[in-house]
Novice: 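My structure is below; once you've seen it, I'll send some questions.
No experiment lies behind these values; they were computed from the predicted model shown. Side chains included, hydrogens not; waters and symmetry mates left out as well; all remaining heavy atoms used.
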Amino acid sequence: MKVLARLKKLNISMSPHNFELWYVYYARQNDDVVSAIDSSLKEGADITYDLCVDLHEKYLSDVKNNDLVRQAGDKISDKLSLVSGMVKDAKESTQQYGESLSGANSSIADTNDVNELKKILSEVTRDTQRMIEQNKLLENELDESSSEMEILQRDLESIRKEAMTDGLTAISNRKAFDDKIDYIRRRSEEEGQIFTLLMIDIDHFKSFNDTYGHQVGDQVLRLVAKTLTDGIKGKDFAARYGGEEFAIILPESNSVAGEIVGNALREAVAKKEVINRNSGDKLGRITMSVGVAQYEAAESVESIIGRADKALYKAKETGRNKVVIAE
């Protein structure tokens, strides 16, 4: 009830992420969430939808995935322990069986008594049957374990993909972007290659969001994300950087190519009209500003992002709906 009352008081939509954030806050389940919200309340800051999204993305987005990974790891560990134990038992049984056969061989060589031979062969047959049964159990367990491992592998791959995907727009998230640009920078430095980074921001998104509501704002974010992914190809990489800001990495491309791609994407977005899915009303068109920066030798990730951001701000300060190349 506290969660519902708080969201209603703040006039924030009842999304799963918002509910989870405030439930965690009131249940005191995550110290970082409690500290962040308490600090915002103490400072008198507005608790907005965007702030809730940012807090959830920062502190809670990986919690479920981490739990699932840990659970999968526990299952794998248990299964390996079980199989290891069975293999050890099988090894001991094999050794005992070998000793039994050796003893039987010696006994057969030392006797001519038919009844004694029958007794020895009976014991060998019994030991052989026991060995066959144990090997069959091990074989079945290995088959079952192999199937379970395949399922766990698919689950872990799904978890990994989910951890790298933005829940709202279904494109790569900030974590995936950080990993990708670090990899591209290292590879470019090692191979003497270049790459270009585009930082993209939706113009007047806050006003649009405030005017038509967060559901329409989310619709806009999804529309832009799809336009970006549809507009790139090959090794190009698009991600949601945060809020209404996106990023695109163009491997082995210079700033001229970046400008061309940026303008193509900007024009593609500008052609799309936003329609309220609930009412069918046409809400107008949106535009984007783009900052472009080409990687320079031995440049850090922070540096190229900073230069692209600076170009982006310049595009917004000089009229918006344009592409600016970093100096």
Novice: If the threshold is 4.0 Å, N to carboxylate O, is there a salt bridge linking Lys42 and Asp38?
Specialist: no
Novice: Using side-chain contact (heavy atoms from CB on, under 4.5 Å), reason through Asp309 and Leu312 one step at a time and then give a plain yes or no.
Specialist: CA-CA 5 Å; Asp309 260 335; Leu312 170 61; 4.0 Å; yes
Novice: Is it true that Val290 and Phe205 fall in one hydrophobic cluster, defined by side-chain heavy atoms closer than 4.5 Å?
Specialist: yes
Novice: Taking the side chain as every heavy atom from C-beta outward, state whether Asn209 and Val216 have any pair of such atoms under 4.5 Å apart.
Specialist: no
Novice: Please report the shortest heavy-atom distance between Ala268 and Thr227, naming the atom on each side.
Specialist: CB-CG2, 3.7 Å
Novice: Before you tell me yes or no, could you show the steps for Leu197 and Val292 under side-chain contact (heavy atoms from CB on, under 4.5 Å), namely the whole-Å CA-CA distance, both residues' side-chain angles and the distance that decides it to 0.1 Å?
Specialist: CA-CA 6 Å; Leu197 172 66; Val292 178; over 6 Å; no
Novice: Do Ile249 and Lys180 come close enough that some side-chain heavy atom pair is under 4.5 Å?
Specialist: yes
Novice: Would you name the heavy atoms of Leu221 and Gly243 that are closest together and state the gap between them?
Specialist: CD2-O, 3.8 Å
Novice: Test your reading of the model: is there a side-chain donor-acceptor pair from Ser255 to the backbone of Ile325, 3.5 Å cut-off?
Specialist: no
Novice: Could you state the interatomic distance from OG1 (Thr169) to CG (Leu223), rounded to the nearest 0.5 Å?
Specialist: 12.0 Å
Novice: Is there a side-chain contact between Ser172 and Thr165, using heavy atoms and a 4.5 Å cut-off?
Specialist: no
Novice: What's the shortest heavy-atom distance between Arg266 and Asn263, and which atoms?
Specialist: NH2-OD1, 3.0 Å
Novice: Can you tell me how far apart CG (Asp203) and CZ (Arg285) are? Round to the nearest 0.5 Å.
Specialist: 15.0 Å
Novice: Nearest 0.5 angstrom please: Asn321 CG to Ser289 OG, how far?
Specialist: 6.5 Å
Novice: Tell me whether Lys226 at atom NZ has more than 12 heavy atoms from other residues, nucleotides or ligands lying less than 6.0 Å away.
Specialist: no
Novice: How long is the gap from CD1 on Ile286 to CD on Glu273, to the nearest 0.5 Å?
Specialist: 11.0 Å
Novice: Do Phe237 and Ile181 have side chains that approach each other closer than 4.5 Å (heavy atoms only, starting at C-beta)?
Specialist: no
Novice: Start with the C-alpha gap between Gln219 and Tyr212, add the side-chain angles, then the distance that decides, and say whether side-chain contact (heavy atoms from CB on, under 4.5 Å) holds.
Specialist: CA-CA 11 Å; Gln219 183 182 328; Tyr212 298 111; over 6 Å; no
Novice: Membership question, hydrophobic clusters at under 4.5 Å side-chain separation (ILVMFWY): are Val269 and Ile232 in the same one?
Specialist: yes
Novice: Should we count CD of Glu191 as having more than 12 external heavy atoms under 6.0 Å?
Specialist: yes
Novice: Between Arg174 and Arg240 (side chain of the first, backbone of the second, donor and acceptor by atom type, cut-off under 3.5 Å), is there such a pair?
Specialist: no
Novice: What is the minimum heavy-atom distance between Ala308 and Met199, and which atoms define it?
Specialist: CB-CG, 3.4 Å
Novice: Atom OG in Ser40, atom CG in Leu55: separation rounded to 0.5 Å?
Specialist: 6.0 Å
Novice: Between Ile248 and Ile200, is there a side-chain heavy-atom distance shorter than 4.5 Å?
Specialist: yes
Novice: Could you give the distance from CG (Asn11) to OG1 (Thr48), rounded to the nearest 0.5 Å?
Specialist: 11.5 Å
Novice: Applying the 4.5 Å side-chain criterion to the ILVMFWY set and letting contacts propagate, would Phe246 and Phe177 be lumped into a single cluster?
Specialist: no
Novice: Can a donor-acceptor pair be found, under 3.5 Å and without considering hydrogens, that links the side chain of Ser303 to the backbone of Val301?
Specialist: no
Novice: Quick one, Pro251 and Gln193 - any side-chain contact, counting heavy atoms below 4.5 Å?
Specialist: no
Novice: Compare all side-chain heavy atoms of Val261 with those of Leu250 and state whether any distance is below 4.5 angstrom.
Specialist: yes
Novice: Apply side chain to side chain donor-acceptor pair (under 3.5 Å) to Tyr49 and Asp210, showing your working.
Specialist: CA-CA 10 Å; Tyr49 176 90; Asp210 292 343; over 6 Å; no
Novice: In terms of the angle between their ring planes, are Tyr25 and Trp22 parallel, tilted or perpendicular, with boundaries placed at 30° and 60°?
Specialist: perpendicular
Novice: Hydrophobic clusters here meaning ILVMFWY residues chained together by side-chain heavy-atom distances under 4.5 Å, can you tell me if Val323 and Tyr295 are in one?
Specialist: no
Novice: Which heavy atom of Leu228 sits nearest a heavy atom of Leu265, and at what distance?
Specialist: CD2-CD1, 3.9 Å
Novice: So do the side chains of Asp46 and Leu51 get within less than 4.5 Å of each other, counting heavy atoms only?
Specialist: no
Novice: Taking atom CD of Glu267 as the centre, does the number of heavy atoms from other residues, nucleotides or ligands within less than 6.0 Å exceed 12?
Specialist: yes
Novice: Under 4.5 Å between side-chain heavy atoms, counting indirect links through other Ile/Leu/Val/Met/Phe/Trp/Tyr residues: same cluster for Val324 and Tyr313 or not?
Specialist: no
Novice: Shortest non-hydrogen contact from Ser253 to Ala257?
Specialist: CB-CB, 4.1 Å
Novice: Out of Arg307, Arg185, Gln294, which one pairs with Glu299 under the side-chain hydrogen bond (donor to acceptor under 3.5 Å, both in side chains) rule?
Specialist: Arg307
Novice: For a side-chain contact (heavy atoms from CB on, under 4.5 Å) check, start with the C-alpha distance between Thr287 and Lys322, then their side-chain angles and the critical distance, and finish with the verdict.
Specialist: CA-CA 9 Å; Thr287 62; Lys322 62 169 61 176; over 6 Å; no
